[in-house]
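Down below is the structure, laid out as structure tokens.
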Amino acid sequence: MAVEFKQGAFHDAALVRTKVFLDEQGFQEEFDDLDIDPRMVHLCAYGDGELLGCARLFPSAMESGVEARPDRWILGRLAVLASGRKAGTGSKLMAEAERIACDHGAAEMHLHAQLQAQPFYERLGYAAYGPVELDEHVEHQWMKKVLV
């Protein structure tokens, strides 16, 4: 399936995040002030016109858990609806997010991964660092990848 991407589609991203993180995974605090920051990039993936998934990315200066540098970006809220899973949608979203970050001068991408998702990110070249932390009820750990 060919996947198309659209930036700035927060409404669509919110639909995906609600379904995946709130309904499926039981998170309660999914949305935050970062979502409305003008530096935030909301990225959505579509296949045959159908919404499949989303991610958000932003410069590290917006995140308190990572040292701010102009060449360091943060990716988060990667989510794929059931209809887009097992079809490479997550990997395609990651590649597009990395391309966008590079276009903005990023040399590194960092993300706060659920431990159960770490093998996915490791296959894409990310390495874990720092302590395991709870985000609501789920263990997470920071991961990073050198982009250039």
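Note: hydrogens, waters and symmetry copies are ignored here, and every other heavy atom, side chains too, is used.
Heavy-atom contacts from other residues, nucleotides or ligands closer than 6.0 Å to CD of Glu133 number more than 12. Counting non-hydrogen atoms of other residues, nucleotides and ligands closer than 6.0 Å to NZ of Lys145 gives a total above 12. Enclosure of atom CG in Asp33 is not indicated, since only 12 or fewer non-hydrogen atoms of other residues, nucleotides or ligands lie within 6.0 angstrom. By the neighbour-count criterion of 12 heavy atoms within 6.0 Å, atom CD of Gln116 is densely surrounded, having more than that number from other residues, nucleotides or ligands.
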Inset, instruction - Let me see the working for Met40 and Phe58 under side-chain contact (heavy atoms from CB on, under 4.5 Å), right down to the final yes or no. - result: CA-CA 5 Å; Met40 179 65 66; Phe58 52 93; 3.3 Å; yes
Inset, instruction - In sequence, state the C-alpha distance, the side-chain angles, and the governing distance for Phe31 and Leu22, and then conclude on side-chain contact (heavy atoms from CB on, under 4.5 Å). - result: CA-CA 10 Å; Phe31 300 97; Leu22 298 176; 4.2 Å; yes
Legend entry - Trace of the side-chain contact (heavy atoms from CB on, under 4.5 Å) decision for Gln25 with Val20: CA-CA 6 Å; Gln25 296 184 3; Val20 173; 4.0 Å; yes
Inset, instruction - Check the pair Met94 / Leu111 against side-chain contact (heavy atoms from CB on, under 4.5 Å), numbers first and verdict last. - result: CA-CA 11 Å; Met94 290 295 295; Leu111 54 90; 3.9 Å; yes
Show which side-chain atoms of residues 41-52 pair as donor or acceptor with protein atoms under 3.5 Å away, not counting sequence neighbours.
residue : atom : partner : partner atom : Å
His42   : NE2  : Asp35   : O            : 3.0
Tyr46   : OH   : Asp12   : OD2          : 2.5
Glu50   : OE2  : Ser83   : OG           : 2.9

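Panel note: side chain Gln141, backbone Gly130; a donor-acceptor pair is recorded below 3.5 Å. Distance alone, capped at 3.5 Å, places no donor-acceptor pair between the Thr89 side chain and the Val80 backbone. Between the Arg77 side chain and the Glu30 main chain, a donor and an acceptor come within less than 3.5 Å of each other. No side-chain donor-acceptor contact under 3.5 Å links Glu29 to the backbone of Glu136.
For Phe27, the ring-ring contact (aromatic ring centres under 6.0 Å, His included) test picks out His137, with sequence neighbours left out.
Residue Arg99 holds its CZ atom at 9.5 Å from NE2 of His104, rounded to the nearest 0.5 Å. Note that the CG atom of Asp135 and the CG atom of Leu115 stand 11.0 Å from one another [nearest 0.5 Å]. With values rounded to the nearest 0.5 angstrom, Tyr126 atom OH is found 6.0 Å from Leu75 atom CG.
Here the closest non-hydrogen pair linking Leu147 and Ala106 is CD1-CB, 4.1 Å. Scanning both residues, Ala113 and Gln118, for their nearest heavy atoms gives CB-CG, 4.2 Å. The two atoms that bring Phe120 and Ser91 nearest to each other are CE1-OG, 3.6 Å, heavy atoms only. The shortest heavy-atom contact between Arg17 and Cys54 is CG-SG, 3.6 Å.
Of the candidates Tyr129, Trp73, Trp142, His110 forms a side chain to side chain donor-acceptor pair (under 3.5 Å) with just one, namely Tyr129.
Leu134 is listed as a side-chain neighbour of Glu139, based on a closest heavy-atom distance under 4.5 Å.
Under the 4.5 Å side-chain contact rule for hydrophobic residues, Ile100 and Val3 share a cluster. Linking ILVMFWY residues whenever their side-chain heavy atoms come closer than 4.5 Å, directly or via other members, leaves Phe10 and Leu57 in distinct clusters.
Cluster partners of Val146, using a side-chain heavy-atom cutoff of under 4.5 Å among ILVMFWY residues and allowing indirect links: none.
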